[in-house]
Student: 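Just dropping this structure here.
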Amino acid sequence: MGTQRGTEMAEADRNRDRADVPSGDELTALLHHADAEVLLALLDNPLLEETQLCILLERKNLPGEILEEVARRKPLLKSYRVKKALAFHPRTPRLVTLRLLRDLYLMDVVQLTLLPGIPTELKRNAEDQLTSRLPQLPLGQKITLARRGPARLAGALLAEGHAQIMTIVLDNAYLTEAQVLKVLSRENIPPGVVRAISQHRKWSISYNVRLALVRHPLSPLATVLAYLPELTVSDLNDLASPGIVSESLRKYLQAEVRRRIRAGEKSARKEDTAGAPSASKQD
């Protein structure tokens with residue numbers, strides 16, 4: 001057993017020595033080696049090319065120490081491809097990825113936020129960075145982001161209220177009800193945003209969105225009145241509390257509550273009347 005271990009150690013030493021000097025096919029073959037020390041030696045090889053380093057960084061089982069070492073070597077990070085491969089690797093230390101975020105192209109940051117299993121903190125930081133860039137972006141890039149951006153970015157674009165963007169961003173597959181409600185919780189959004197949401201085929205049929213639209217001061221009265229029959233009496237009473245909506249709308253809400261109560265009483269009387277003859281026949 002000691003002989004076998006000695007043989008394995010000797011083989012590892014030979015591989016490390018080979019990693020310092022190989023080129024061509026031999027170097028490429030070592031990119032898939034399991035020994036971390038061999039891979040570290042490869043990083044010292046002056047013949048290691050950008051393409052080969054990127055192939056190495058594509059290995060999902062790459063030891064964390066290799067990723068950390070690549071991140072420490074500034075000459076290697078002069079390559080954008082290396083930076084991106086390092087940022088996208090699932091085993092790259094969180095702080096390294098956070099540092100690399102500011103150097104990534106806009107759409108690469110978007111792609112990073114949509115990766116399955118991305119840590120919450122990293123995703124939030126990436127989304128914050130995207131949102132902070134919005135004011136400086138040309139309309140064409142905003143339209144692209146409206147189609148493909150993550151939920152928080154889509155919400156920020158919706159709140160801006162650009163006529164050319166609203167329909168596109170409301171169709172964004174990543175936009176969530178929570179983000180739409182967040183936008184509607186703000187009173188100082190452009191009126192077109194409220195109108196676009198109220199007319200959208202998906203969001204206009206959401207109960208919670210309708211409730212938020214009724215509450216919003218910029219919602220068209222005709223739209224609000226159309227929603228009232230579908231709201232629960234409990235929600236109508238809450239909305240009719242002082243200070244929630246305008247006084248004129250509050251009167252409509254109170255009238256709808258009274259109508260529901262009368263309709264309920266009328267329905268109850270009909271049921272009593274319909275049940276009375278049955279009782280007589282049983283007697």
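We count residues from 1, following the sequence as given.
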Student: Under the 3.5 angstrom rule, does the side chain of S204 hit a backbone N or O of Q199 as a donor-acceptor pair?
Tutor: no
Student: Could you list the residues that satisfy salt bridge (charged side-chain N to carboxylate O under 4.0 Å, His left out) with E230, not counting sequence neighbours?
Tutor: R210
Student: Which residue pairs pass the ring-ring contact (aromatic ring centres under 6.0 Å, His included) test with at least one member in residues 211-265, sequence neighbours excluded?
Tutor: none
Student: So among L236, L231, L239, L228, which one has a side chain to side chain contact (heavy atoms under 4.5 Å, CB included) with V257?
Tutor: L236
Student: Counting only heavy atoms not in Q136 (residues, nucleotides, ligands), do more than 12 fall under 6.0 Å from its CD?
Tutor: yes
Student: Under the salt bridge (charged side-chain N to carboxylate O under 4.0 Å, His left out) test, which residues partner R147, sequence neighbours left out?
Tutor: none
Student: Could I get the full list of side chain to side chain donor-acceptor pair (under 3.5 Å) partners for S185, not counting sequence neighbours?
Tutor: none
Student: Taking all heavy atoms of A87 and all of L104, pick out the closest pair and write down the distance.
Tutor: CB-CD1, 4.0 Å
Student: Name all residues meeting the salt bridge (charged side-chain N to carboxylate O under 4.0 Å, His left out) criterion together with R148; count only those two or more places apart in sequence or in a different chain, and write none if there are none.
Tutor: none
Student: Should I197 and H200 count as side-chain neighbours, where that means a heavy-atom distance under 4.5 Å?
Tutor: no
Student: Provide the full list of ring-ring contact (aromatic ring centres under 6.0 Å, His included) pairs with a residue in residues 42-64, sequence neighbours left out, each pair given once.
Tutor: none
Student: Report the residues that fulfil salt bridge (charged side-chain N to carboxylate O under 4.0 Å, His left out) with R250, sequence neighbours left out, ordered by chain and then residue number.
Tutor: E247
Student: When the side chains of residues 150-163 are checked against the rest of the protein, which donor-acceptor pairs come out under 3.5 Å, sequence neighbours left out?
Tutor:
unit_1: R152; atom_1: NH1; unit_2: R124; atom_2: O; d: 3.4
unit_1: R152; atom_1: NH1; unit_2: E127; atom_2: OE1; d: 3.2
unit_1: R152; atom_1: NH1; unit_2: D128; atom_2: OD1; d: 3.2
unit_1: R152; atom_1: NH2; unit_2: D128; atom_2: OD1; d: 2.6
unit_1: E160; atom_1: OE1; unit_2: K142; atom_2: NZ; d: 3.1
unit_1: E160; atom_1: OE1; unit_2: H162; atom_2: NE2; d: 3.4

Student: List for me each residue that meets side chain to side chain donor-acceptor pair (under 3.5 Å) alongside S241, sequence neighbours excluded, and say none if there are none.
Tutor: none
Student: To check you understand the geometry: which heavy-atom pair defines the closest contact between D35 and H33, and what is its length?
Tutor: N-ND1, 3.0 Å
Student: If you define the side chain from C-beta out and look only at heavy atoms, does anything of L134 sit under 4.5 Å from L145?
Tutor: yes
Student: Rounded at 0.5 Å granularity, tell me how far CD in E49 sits from CD1 in I55.
Tutor: 9.5 Å
Student: Is there a side-chain contact between L43 and L53 in this structure, where contact means two heavy atoms from C-beta onward sitting under 4.5 Å apart?
Tutor: yes
Student: For residues Q141 and L137, report the shortest heavy-atom separation together with the two atoms involved.
Tutor: OE1-CD2, 3.3 Å
Student: According to the ring-ring contact (aromatic ring centres under 6.0 Å, His included) rule, which pairs have a member within residues 38-97, sequence neighbours left out?
Tutor: Y80-Y105
Student: With distance as the sole criterion, is a donor-acceptor pair present between the side chains of R133 and Q129 under 3.5 Å?
Tutor: yes
Student: So, do L39 and L62 sit near enough that their side-chain heavy atoms are less than 4.5 Å apart?
Tutor: yes
Student: Taking side chain as C-beta onward, heavy atoms only, is V109 less than 4.5 Å from L106?
Tutor: no
Student: Who are the side chain to side chain donor-acceptor pair (under 3.5 Å) partners of E256, not counting sequence neighbours?
Tutor: R259, R260
Student: So, R215 and D235, do they make that salt bridge, N to O below 4.0 Å?
Tutor: no
Student: Could you tell me which non-hydrogen atom of R59 sits nearest to which non-hydrogen atom of A34, and how far apart they are?
Tutor: NH2-CA, 4.4 Å
Student: Taking side chain as C-beta onward, heavy atoms only, is L57 less than 4.5 Å from L67?
Tutor: yes
Student: Can you tell me if S246 and S248 form a side-chain donor-acceptor pair at under 3.5 Å?
Tutor: yes
Student: Sorted by first residue and then second, give each salt bridge (charged side-chain N to carboxylate O under 4.0 Å, His left out) pair with at least one member in residues 78-92; sequence neighbours left out.
Tutor: E50-R81, K83-D103, K84-D108
Student: Under a 4.5 Å cut-off applied to non-hydrogen side-chain atoms, are L95 and P93 in contact?
Tutor: no
Student: Side chains of E69 and I66: does their closest heavy-atom pair fall under 4.5 Å?
Tutor: no
